[in-house]
Asker: 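The structure's right below; bear with me while I get my questions together.
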Amino acid sequence: MDWLGLSYDEGPFLQSSLIADHTAAAEALYAAGRLYACDCTRDAIDARTAGAAKPGYDGFCRDRGLARSPETALRFAVAREGETVVADLIRGDVTFANASYEDFVVVRPNGVVLYPLANLVDDRTIGITHVIRGEDLLPTAPKQVMMWEALNDCAGVEVVALPQYAHLPMLVNEQRKKLSKRKDPVAVESYRDQGYLPEAFVNYLALLGWSPRGGEEVVSRDVLVAQFALEDVSHSPAFFDVKKLTHLNGEYLRAMSLEQFVEAARPWVAPWSSDWRPTTPPPWTKGQFDEALFSRVAPLVQERVATLGEVPGMIGFFFCDVAVDEAAFAKVIGNDPLGQTMLAAAIERFADLDWTATDLHEATAELGEAMGLVLRKAQAPIRCAVTGALVGPPLFESLEILGREAVLERLRAALARASA
RNA sequence: GGUCCCAUCGUCUAGUGGCCUAGGACAUCACCCUCUCAAGGUGGAGGCACGGGUUCGAAUCCCGUUGGGACUGCCA
C-alpha cells in the first residue's frame with residue numbers, strides 16, 4: 001500500500017479494542033428479542049435437515065425459549081417473510097428474500113461476538129459512510145442490513161444511517177475463478193520486485209472494471225481521483241492481464257526523464273545504494289559498477305525495457321565479463337568463417353579510428369561491404385563478441401561507451417575462442 | 001440443490017433506442033523504419049452468447065434459454 005502511494009485518512013482501528021461495543025450491541029439485540037439462545041450442535045442440525053430441500057439451520061430453537069448458558073450460542077431471528085434490499089452504488093437495488101436466510105449465529109457460547117456483527121458495530125461507531133468490497137460479500141450484505149436496522153430499533157441505541165454499499169466485481173484468473181491468494185500470483189510485492197512502477201500499477205488496476213472518460217488509458221493519479229466514480233464501475237469480473245500491465249509500465253518508463261529513469265533503476269543496478277532492493281541482484285559487483293557509465297548507458301535501454309527488472313540483463317556486458325550465448329556464438333562466429341574474418345578485420349580497423357559511434361558505424365559498414373555483407377550481417381559477429389548476444393542495445397553507441405581497449409580485447413578473445 | 005450477480009473482439013473496455021457497416025487499448029498478423037532487439041508508424045484479422053418479444057428502429061428495454069461466477073461456517 002505504501003509502495004503504491006495508497007494511504008488512509010484515519011486509523012488503523014483494532015477490532016479487539018472495540019470488543020466492549022460488540023458485546024453491548026449483542027446485549028441490546030438480545031434484550032430486544034432479536035437474538036435467541038440455541039444449543040444445537042452442527043451434527044444435530046445436519047441430522048435434522050438431511051434430505052430437506054433447504055440446507056442450513058432450521059430455526060429449531062427459535063421458539064423454545066432456551067435460557068442462555070455456556071452451551072448456547074445466540075442466533076439472529078431473521079424475518080420469515082418479506083425481503084431485504086441492498087442499495088448498491090454499483091449494481092443498484094439488489095433484493096433478497098428474507099426466507100432464503102437462516103437464523104445465523106451472532107454470538108458464540110463463550111460470548112465472543114462473531115465477525116459479521118462485530119464488523120458492523122465497528123462501522124457504526126467509527127462512522128463508516130461507504131462499505132466498498134468485493135462482490136463475493138454481496139450475499140452477506142442483507143444480513144448486515146438486517147442487523148443494522150434491528151440495532152437502530154433497539155431502545156437506547158443510537159440510530160445510525162445505513163452506510164452506502166458498493167460491491168466491486170471480482171478479479172479472476174485464466175480459469176475465470178476468483179483470484180486466490182494461495183494459487184494465484186497476487187502479491188503486489190512481486191510486481192515491485194520485477195520492476196513495475198507504482199504509478200503504472202495503480203493506473204492499470206484502475207483500468208480493471210473502470211475506464212477514464214475520453215478514451216486515454218494512461219491517466220495520472222490526479223485524473224484518476226478526479227474522475228473515478230463507483231457508479232461507473234463495471235458489473236462483470238475482470239481478468240488481470242499482465243501483458244497489458246507490462247505494456248503500460250513500458251509507457252511510463254519511456255515517459256520518464258533520463259534522471260528519473262536512472263534513479264528508478266537504482267535498486268536493480270546498484271542495490272547497495274538503495275534502501276529497498278529486489279530479490280535478484282545484478283550480475284556485477286559494487287566495484288565493477290560505475291554510476292557515471294550507467295548514466296550514459298541508460299538512454300540506450302530506457303526505451304527497450306518494459307520493466308526495470310530487465311535492465312541488468314541488458315547491460316551486463318558494460319560492467320562485467322560477458323555471459324556468452326553459445327548458440328549465438330556458434331552461429332555467427334564459431335561456425336561461420338566469414339564472421340571470424342570480420343572480427344579479424346575489425347580488430348585491425350578499430351585499432352586506429354576516431355572512437356565515435358558514427359565512425360565505428362561507418363567502418364563496420366565498409367568492412368562488411370568489402371566482404372559482400374550487409375550491415376546487419378556484418379555487425380552480428382562484433383555484437384556477439386562484445387556483448388555475448390545477438391540482441392541488445394544499439395551496438396556502435398555501446399562500443400563507443402565501452403572504449404577501444406575493452407572492445408579490442410573482447411574481439412580478440414572471441415577470435416581466439418573460435419579457433420580453439 | 002437454493003439464493004444472488006454477470007454476459008460487447010483472445011483480454012480490458014466504450015456504448016445507456018437511431019451518430020454502430022459497434023469505437024479504443026493490450027495481445028496477434030503484415031508492411032514500413034532500422035546495425036540487432038525494442039520503440040514508433042501504417043494496415044489487417046477478430047466481438048454484441050442464443051431465442052422470443054416491445055418499437056418505425058435494438059448491443060442498448062422486457063421475458064426466457066444457455067453459459068460463467070459468487071455465496072450457502074459457532075473463519076475473518
Side-chain angles (χ1 to χ4, degrees), chain A residues 15 38-42 45 51-57 72-75 86 88 90-92 94-102 104-110 112-116 118-119 134-143 167 169-170 172 174-178 204 206-218 232 234-248 250-251 253-254 300-306 310 314 328 332 357 360-362 364-365 368 373-380 382-384 387 389-399:
Chain A
Q15 198 157 57
C38 169
D39 64 356
C40 297
T41 61
R42 188 72 247 173
I45 297 170
K54 191 176 135 189
Y57 186 66
T72 58
L74 254 34
R75 287 181 183 273
V86 176
D88 192 278
I90 296 174
R91 337 184 94 86
V94 184
T95 305
F96 298 84
N98 292 332
S100 62
Y101 286 90
E102 60 180 46
F104 50 93
V105 172
V106 169
V107 184
R108 273 188 192 154
N110 64 9
V112 172
V113 175
L114 266 11
Y115 175 78
N119 176 241
E135 189 197 333
D136 49 345
L137 272 333
L138 186 52
T140 70
K143 294 186 190 177
H167 291 91
M170 302 281 28
V172 299
E174 298 90 324
Q175 285 77 240
R176 295 253 125 206
K177 302 277 194 200
K178 172 170 101 167
Y204 177 67
L207 256 27
L208 248 28
W210 177 82
S211 65
R213 298 179 219 292
E216 177 53 61
E217 293 189 326
V218 181
D232 297 335
S234 153
H235 297 184
S236 38
F239 169 68
F240 187 93
D241 186 0
V242 183
K243 291 236 185 73
K244 183 151 182 175
L245 199 215
T246 302
H247 171 85
L248 199 58
E251 290 207 48
L253 246 23
R254 274 172 260 127
L300 269 30
V301 296
Q302 181 171 5
E303 69 173 20
R304 270 160 240 277
V305 296
E310 298 170 47
M314 204 165 277
V332 301
L360 252 4
H361 187 151
E362 275 175 22
T364 304
L373 295 175
V374 293
L375 189 50
R376 60 173 291 129
K377 290 287 186 189
Q379 58 90 39
I382 298 176
R383 177 185 293 280
C384 183
T387 73
L390 254 25
V391 300
L395 181 61
F396 305 112
E397 282 82 348
S398 298
L399 297 183

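To find a chain, count down the sequence lines: A is the first, B the second, and so on, and within it residues start at 1.
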Asker: Which residues pass the side-chain hydrogen bond (donor to acceptor under 3.5 Å, both in side chains) test with A/His235, sequence neighbours left out?
Answerer: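 Not a single residue meets the side-chain hydrogen bond (donor to acceptor under 3.5 Å, both in side chains) criterion with A/His235.
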
Asker: Mind checking what makes side-chain contact (heavy atoms from CB on, under 4.5 Å) contact with A/Tyr115, not counting sequence neighbours?
Answerer: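 Once residues adjacent in sequence are excluded, the partners of A/Tyr115 under the side-chain contact (heavy atoms from CB on, under 4.5 Å) criterion are A/Gln15, A/Asn119.
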
Asker: Please produce a list of atom pairs where a protein N or O lies less than 3.5 Å from an N or O of nucleotides 19-24 of chain B.
Answerer:
unit_1	atom_1	unit_2	atom_2	d
B/rG24	N2	A/Glu217	OE2	3.0

Asker: Pairing check on B/rU36: which nucleotide meets the Watson-Crick or G-U wobble criteria with it, both distances under 3.5 Å?
Answerer: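 Its partner: none found.
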
Asker: With C1' as the reference atom in both, quote the distance from B/rC62 to B/rG17 in angstrom, rounded to an integer.
Answerer: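 Each nucleotide's C1' atom is 14 Å from the other's.
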
Asker: Under the side-chain hydrogen bond (donor to acceptor under 3.5 Å, both in side chains) rule, collect the residues that match up with A/Lys178, sequence neighbours excluded.
Answerer: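 Partners of A/Lys178 under the side-chain hydrogen bond (donor to acceptor under 3.5 Å, both in side chains) test: A/Asp136.
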
Asker: Searching all strands shown, indicate the nucleotide that pairs with B/rU65 (Watson-Crick or G-U wobble; both distances under 3.5 Å).
Answerer: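 Pairing partner, where one exists within any strand: B/rA49.
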
Asker: According to the Watson-Crick and G-U wobble definitions, with both distances under 3.5 Å, which nucleotide is paired to B/rC31?
Answerer: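 Paired with B/rG41.
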
Asker: Report yes if a side-chain nitrogen or oxygen of A/Arg376 is closer than 4.0 Å to either non-bridging phosphate oxygen (OP1 or OP2) of B/rU36; otherwise report no.
Answerer: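 A/Arg376 to B/rU36 OP1/OP2: side-chain N or O found under 4.0 Å.
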
Asker: So does A/His235 get a side-chain nitrogen or oxygen closer than 4.0 Å to the phosphate oxygens (OP1/OP2) of B/rC5?
Answerer: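 Answer is no, no contact under 4.0 Å.
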
Asker: For every nucleotide of nucleotides 59-74 of chain B, 5' to 3': is a protein heavy atom under 4.0 Å from its base (B), only from its sugar-phosphate (S), or from neither (-)?
Answerer: ----------SSS--B

Asker: Restricting to salt bridge (charged side-chain N to carboxylate O under 4.0 Å, His left out), what partner residues turn up for A/Glu310, sequence neighbours left out?
Answerer: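 Once residues adjacent in sequence are excluded, A/Glu310 has no partner under the salt bridge (charged side-chain N to carboxylate O under 4.0 Å, His left out) criterion.
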
Asker: Just jot down the side-chain contact (heavy atoms from CB on, under 4.5 Å) partners of A/Lys177, sequence neighbours excluded, or say none.
Answerer: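 If we apply the side-chain contact (heavy atoms from CB on, under 4.5 Å) test to A/Lys177, skipping adjacent residues, the hits are A/Asn173, A/Gln175.
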
Asker: Across all strands, who's sitting opposite B/rU11 as a Watson-Crick or G-U wobble pair, both distances under 3.5 Å?
Answerer: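 For B/rU11, the partner nucleotide comes out as B/rA25, under the 3.5 Å rule.
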
Asker: Identify, with sequence neighbours excluded, every residue that meets side-chain contact (heavy atoms from CB on, under 4.5 Å) alongside A/Glu397.
Answerer: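 side-chain contact (heavy atoms from CB on, under 4.5 Å) list for A/Glu397, sorted by chain: A/Leu300, A/Ala357, A/Pro394.
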
Asker: Both distances under 3.5 Å, Watson-Crick or G-U wobble: report the partner of B/rG2, or none.
Answerer: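 Result: B/rC71.
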
Asker: Taking only N/O atoms, report every protein-nucleotides 15-17 of chain B pair under 3.5 Å with atom names and distance.
Answerer:
none

Asker: In the structure shown, which nucleotide is the Watson-Crick or G-U wobble counterpart of B/rA58, with both distances under 3.5 Å?
Answerer: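 Paired with B/rA58, as far as the under-3.5 Å criterion goes, is no nucleotide at all.
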
Asker: What nucleic acid atoms does A/Phe96 come within less than 4.0 Å of, heavy atoms only: base, sugar-phosphate, or nothing?
Answerer: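 The answer is sugar-phosphate, as A/Phe96 gets under 4.0 Å only of primed atoms, P, OP1 or OP2.
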
Asker: Which whole number of Å gives the distance between the P atom of B/rG24 and that of B/rG41?
Answerer: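 Here B/rG24 and B/rG41 have their P atoms 14 Å from each other.
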
Asker: Strictly under 3.5 Å: I want the nitrogen or oxygen pairs between protein and nucleotides 44-46 of chain B, one per line.
Answerer:
none

Asker: Can you name the residues that form a side-chain contact (heavy atoms from CB on, under 4.5 Å) with A/Ser211, not counting sequence neighbours?
Answerer: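 For A/Ser211, no residue satisfies side-chain contact (heavy atoms from CB on, under 4.5 Å) once neighbours in sequence are set aside.
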
Asker: If the condition is side-chain hydrogen bond (donor to acceptor under 3.5 Å, both in side chains), which residues does A/Arg383 pass it with, not counting sequence neighbours?
Answerer: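 Scan of A/Arg383 (side-chain hydrogen bond (donor to acceptor under 3.5 Å, both in side chains), adjacent residues dropped) gives A/Gln379.
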
